[in-house]
Amino acid sequence: MSILEEATNSTEILMMGVFNNLVLYKQDVPQNSLQSIVPDLATDWSWNEDGTELTFRLREDVKWHDGHPFTANDVKLTWDLLLGRSQEKLRANPRKAWYQNLAEVTADGEFTASFHLHRPQPAIIALLASGYAPVYPCHVSPRDMRQHPIGTGPFKFVEFKPNEYIKVARNPDYWKSGRPYLDGIEYTVIPNRSTAILSFIAGKFDMTFPFEVTVPLLRWGHGPATERGCGSGRPSE
């Protein structure tokens, strides 16, 4: 269940609604770009004059699902984990290479965090807007995040039953007023691609994994039922 320790969409799509990023690509814009990046846990951001320091001002009204307040220390610890500098370690760290140009992240007060770069890298904010860049809580161990993740997002993790399902439920205290719209989401695990596609076409599911679909399966999928959706992104807003 730990996005930071996994390398594929199989975890990211399901768990992204449990977390928030500092920034996020605007979900209703068809193509990602630097211009489509909007605030999430950050309220705004700014660069220093030589382009080596990116500073985020953070929201002050956010709580983790267990009631702890969100602060800049959570941002610092998340990237300390990714840089391999924290006392506790990630079991796997597939995106450590993303941050080779990142010297450190500092908590400059309770609600300000700065990314210090070795050299200018304007596009680093594109990495921070990815679904693979959620902010983790500094008071929960990486071990616990694998089994029962705690986030700030619109959905709370409920249960993972291997080879059967993953369940998340609406966060009634979500900091974005009126969100999420759904009471919960149940993701059914179906290892066989043919079974998954046919179940989707039959109307058993509202969304299916869109990749690795063969030409014959794609032909079976033609028709009104396929309009329900095959996309990815945060399933919340």
Side-chain angles (χ1 to χ4, degrees), residues 1-21 23-33 36-38 40 65 92 94-95 126-127 129-136 145-172 174 176 178-237:
M1 302 297 98
S2 175
I3 292 177
L4 295 186
E5 296 183 281
E6 295 294 336
T8 72
N9 286 349
S10 296
T11 294
E12 182 253 2
I13 292 174
L14 279 60
M15 287 295 102
M16 193 177 172
V18 174
F19 296 98
N20 289 106
N21 288 17
V23 293
L24 191 68
Y25 290 108
K26 199 168 187 295
Q27 297 291 286
D28 58 354
V29 174
Q31 185 171 352
N32 294 338
S33 70
S36 68
I37 294 173
V38 294
D40 205 23
H65 292 158
R95 279 169 296 281
L127 301 179
S130 158
Y132 292 105
V135 179
Y136 272 27
M145 294 294 283
R146 296 177 201 130
Q147 300 298 321
H148 195 104
I150 299 294
T152 57
F155 292 97
K156 292 184 175 183
F157 175 78
V158 175
E159 184 181 9
F160 169 41
K161 197 163 186 179
N163 295 316
E164 292 191 31
Y165 57 77
I166 296 170
K167 294 180 180 180
V168 296
R170 186 180 190 273
N171 175 12
Y174 189 41
K176 291 185 181 180
R179 308 290 181 89
Y181 300 126
L182 303 178
D183 292 328
I185 305 174
E186 179 175 337
Y187 298 97
T188 303
V189 180
I190 304 178
N192 184 279
R193 295 289 188 220
S194 298
T195 303
I197 294 294
L198 291 174
S199 298
F200 174 68
I201 293 169
K204 186 176 180 181
F205 305 116
D206 298 307
M207 183 175 72
T208 189
F209 197 66
F211 307 110
E212 300 179 21
V213 179
T214 64
V215 172
L217 287 176
L218 188 62
R219 288 172 179 161
W220 290 345
H222 285 174
T226 60
E227 295 176 1
R228 284 188 302 276
C230 298
S232 62
R234 180 178 295 158
S236 64
E237 302 159 9

To the nearest 0.5 Å, atom OH of Tyr165 lies from atom CD of Glu186 at 7.0 Å

Assess the residue pair Ile150 and His148 against the criterion (side-chain contact (heavy atoms from CB on, under 4.5 Å)); give the C-alpha distance rounded to whole Å, side-chain angles, the decisive distance to 0.1 Å, and a yes or no. CA-CA 7 Å; Ile150 299 294; His148 195 104; 4.1 Å; yes

When every non-hydrogen atom of Arg95 is compared with those of Ala7, the smallest separation belongs to NH1-CA, 3.9 Å

Heavy atoms from other residues, nucleotides or ligands near CG of Asn192 exceed 12 (cutoff 6.0 Å): yes

Notebook entry, point to check: Within a strict 4.5 Å, meaning less than it, do heavy atoms of the Val189 and Lys161 side chains meet?
Noted result: no

Next on the checklist: Could you check whether any side-chain N or O of His65 sits under 3.5 Å from a backbone N or O of Gly153, counting only pairs where one atom can act as donor and the other as acceptor?
Outcome noted: yes

Please tell me if the side chains of Phe19 and Val135 come closer than 4.5 Å, counting only heavy atoms from C-beta onward. no

To the nearest 0.5 Å, atom OH of Tyr132 lies from atom CE of Met16 at 10.0 Å

Heavy-atom closest pair (Gly131 atom, Ile3 atom, distance to 0.1 Å) is O-CG2, 3.7 Å

(request) Find out whether Leu4 and Pro134 are in side-chain contact, i.e. whether some heavy atom of one side chain is under 4.5 Å from a heavy atom of the other. (result) yes

Tyr25 and Ser33 have their tightest heavy-atom pair at CE2-O, 3.5 Å

Does Leu24 offer a backbone N or O that forms a donor-acceptor pair with the side chain of Asn21 under 3.5 Å? no

Look at the side chain of Tyr136 and the backbone N and O of Met145, then say whether any donor-acceptor pair between them is shorter than 3.5 Å.
no

Check: Given Asn20 and Asp40, is the side-chain hydrogen bond (donor to acceptor under 3.5 Å, both in side chains) satisfied, shown in steps?
Finding: CA-CA 7 Å; Asn20 289 106; Asp40 205 23; 3.3 Å; yes

The reported gap from CD1 in Ile166 to CE in Met1 (rounded to nearest 0.5 angstrom) is 4.0 Å

Main chain of Thr195, side chain of Ser199: is a donor-acceptor contact present, judged purely on distance under 3.5 Å?
yes

On a heavy-atom basis, the closest approach of Leu14 and Tyr187 is CG-CG, 3.7 Å

In short, Arg179 meets Arg170 closest at the heavy-atom pair O-NH2, 3.8 Å

Nearest heavy-atom contact between Asn171 and Thr152 is ND2-O, 4.2 Å

Rounded to the nearest 0.5 angstrom, the CD1-CZ distance for Ile190 and Phe205 is 3.5 Å

Asp28 atom CG, over 12 foreign heavy atoms within 6.0 Å
yes

